[in-house]
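Structure, as C-alpha cells:
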Amino acid sequence: MTDTIATRLARAGVSLPQAAAPAANYVPYARFGNLLQTSGQLPLDGGKLGASGKLGDEVALEDGQKAARACAINILAQASAALDGDLERIGRLLKLTVFVASAPSFTEQHKVANGASDFLVDILGDKGRHARSAVGVPSLPMDAAVEIEALFEIA
C-alpha cells in the first residue's frame with residue numbers, strides 16, 4: 001500500500017471536515033501561480049469552536065496545542081477544497097503563521113504552534129517541513145484561542 005497523505009490521515013484517525021465557509025468578506029483560500037494561501041483557520045470541530053480564551057489564563061498549553069492541531073486539520077480541508085480533493089498536489093508547505101490569543105505574561109506561543117507543526121509534518125512527511133511564525137495576540141475572532149494560516153507550493 002502506498003504511503004499517501006490520505007493513508008497517513010487515516011492512520012492518524014483523521015477525517016477532513018468540509019472546508020469552512022468564510023465568516024466575513026474574504027475568500028477561504030487564494031491561488032497565485034503555484035502558490036496556495038489559506039485564510040486563517042480557527043480550531044473548529046463540527047462547526048463549533050474547540051478552544052476559546054487566552055493561553056496562560058483560562059486555556060492550558062496542552063489545550064492550545066490541541067487547538068493548533070484542529071486548525072491544521074482545517075487548513076488541510078481548505079487545501080483539499082482548493083485542489084479538488086487531491087492533496088498529493090501539495091509540493092511543500094512553505095510557511096505557517098500561528099496567532100495565539102495570549103495573556104500578557106504568556107511566552108510559549110512556539111509550543112502552542114507545535115501542535116500544528118508536528119501534525120502537518122506527520123501527515124505531509126518531508127513536504128510538511130516549513131518556516132513558521134508564532135505570534136501572541138490580545139484576541140482573535142470569536143474568542144478563539146488559536147488561528148493559523150498556511151502557504152503551500154503546489155506541484
Might you point out which heavy atoms bring [X] and [Y] nearest each other, and give the distance in Å?
X      : Y      : value
Ala144 : Ala101 : O-CB, 3.6 Å
Val146 : Ala67  : CG2-CB, 3.9 Å
Ala113 : Ala134 : CB-CB, 4.0 Å
Arg31  : Arg89  : NH1-NH2, 3.6 Å
Phe152 : Leu124 : CE2-CD1, 4.2 Å
Ser52  : Glu58  : O-CG, 4.3 Å

Can a donor-acceptor pair be found, under 3.5 Å and without considering hydrogens, that links the side chain of [X] to the backbone of [Y]?
X     : Y      : result
Gln41 : Ser39  : yes
Lys54 : Pro138 : yes
Asn74 : Ala70  : yes

Atom pair [atom1] ([X]) and [atom2] ([Y]), whose distance is rounded to the nearest 0.5 Å:
X      : Y      : atom1 : atom2 : result
Ile123 : Leu93  : CD1   : CG    : 12.5 Å
Ser139 : Met142 : OG    : CE    : 13.0 Å
Ser133 : Ile148 : OG    : CD1   : 12.0 Å
Leu76  : Ile90  : CG    : CD1   : 6.0 Å
Lys127 : Arg92  : NZ    : CZ    : 12.0 Å
Leu94  : Glu153 : CG    : CD    : 6.0 Å

Considering only heavy atoms from C-beta outward, does the side chain of [X] approach that of [Y] to under 4.5 Å?
X      : Y      : value
Lys111 : Leu61  : yes
Val137 : Val100 : no
Glu149 : Gln37  : yes
Thr4   : Glu88  : yes
Ser15  : Leu9   : no
Leu35  : Leu151 : yes

Single-linkage hydrophobic cluster [X]~[Y], side-chain heavy atoms < 4.5 angstrom:
X     : Y      : result
Val14 : Val121 : no
Tyr29 : Leu120 : yes
Leu83 : Ile73  : yes
Phe99 : Val59  : no

Exercise for the section: Check whether the side chains of Ser102 and Gln109 place a donor and an acceptor atom closer than 3.5 Å, and report yes or no. Expected result: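 Yes.
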
Exercise for the section: Decide whether Asn114 and Arg132 meet the rule of one side-chain donor and one side-chain acceptor closer than 3.5 Å. Expected result: yes

Practice task
Decide salt bridge (Lys or Arg N to Asp or Glu O under 4.0 Å) for Arg11 and Asp3; before the verdict, give the C-alpha distance in whole Å, the side-chain angles of both, and the deciding distance to 0.1 Å.
Solution key: CA-CA 10 Å; Arg11 198 167 41 242; Asp3 194 31; 3.0 Å; yes

Exercise for the section: Check each of Ile75, Leu87, Ile5 against Leu16 using the side-chain contact (heavy atoms from CB on, under 4.5 Å) test, and report the only one that passes. Expected result: Leu87

Exercise for the section: Take atom CG of Asp45 as the centre, draw a 6.0 Å sphere, and report whether it contains more than 12 heavy atoms from other residues, nucleotides or ligands. Expected result: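 No.
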
Practice task
Would you indicate whether Tyr26, at its atom OH, is surrounded by more than 12 heavy atoms from other residues, nucleotides or ligands within a distance under 6.0 Å?
Solution key: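 Yes, because the 6.0 Å sphere around OH of Tyr26 holds more than 12 heavy atoms from other groups.
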
Practice task
For Glu147 and Cys71, run side chain to side chain contact (heavy atoms under 4.5 Å, CB included): C-alpha distance rounded to whole Å, both residues' side-chain angles, the deciding distance at 0.1 Å, then the answer.
Solution key: CA-CA 7 Å; Glu147 180 176 0; Cys71 292; 5.6 Å; no

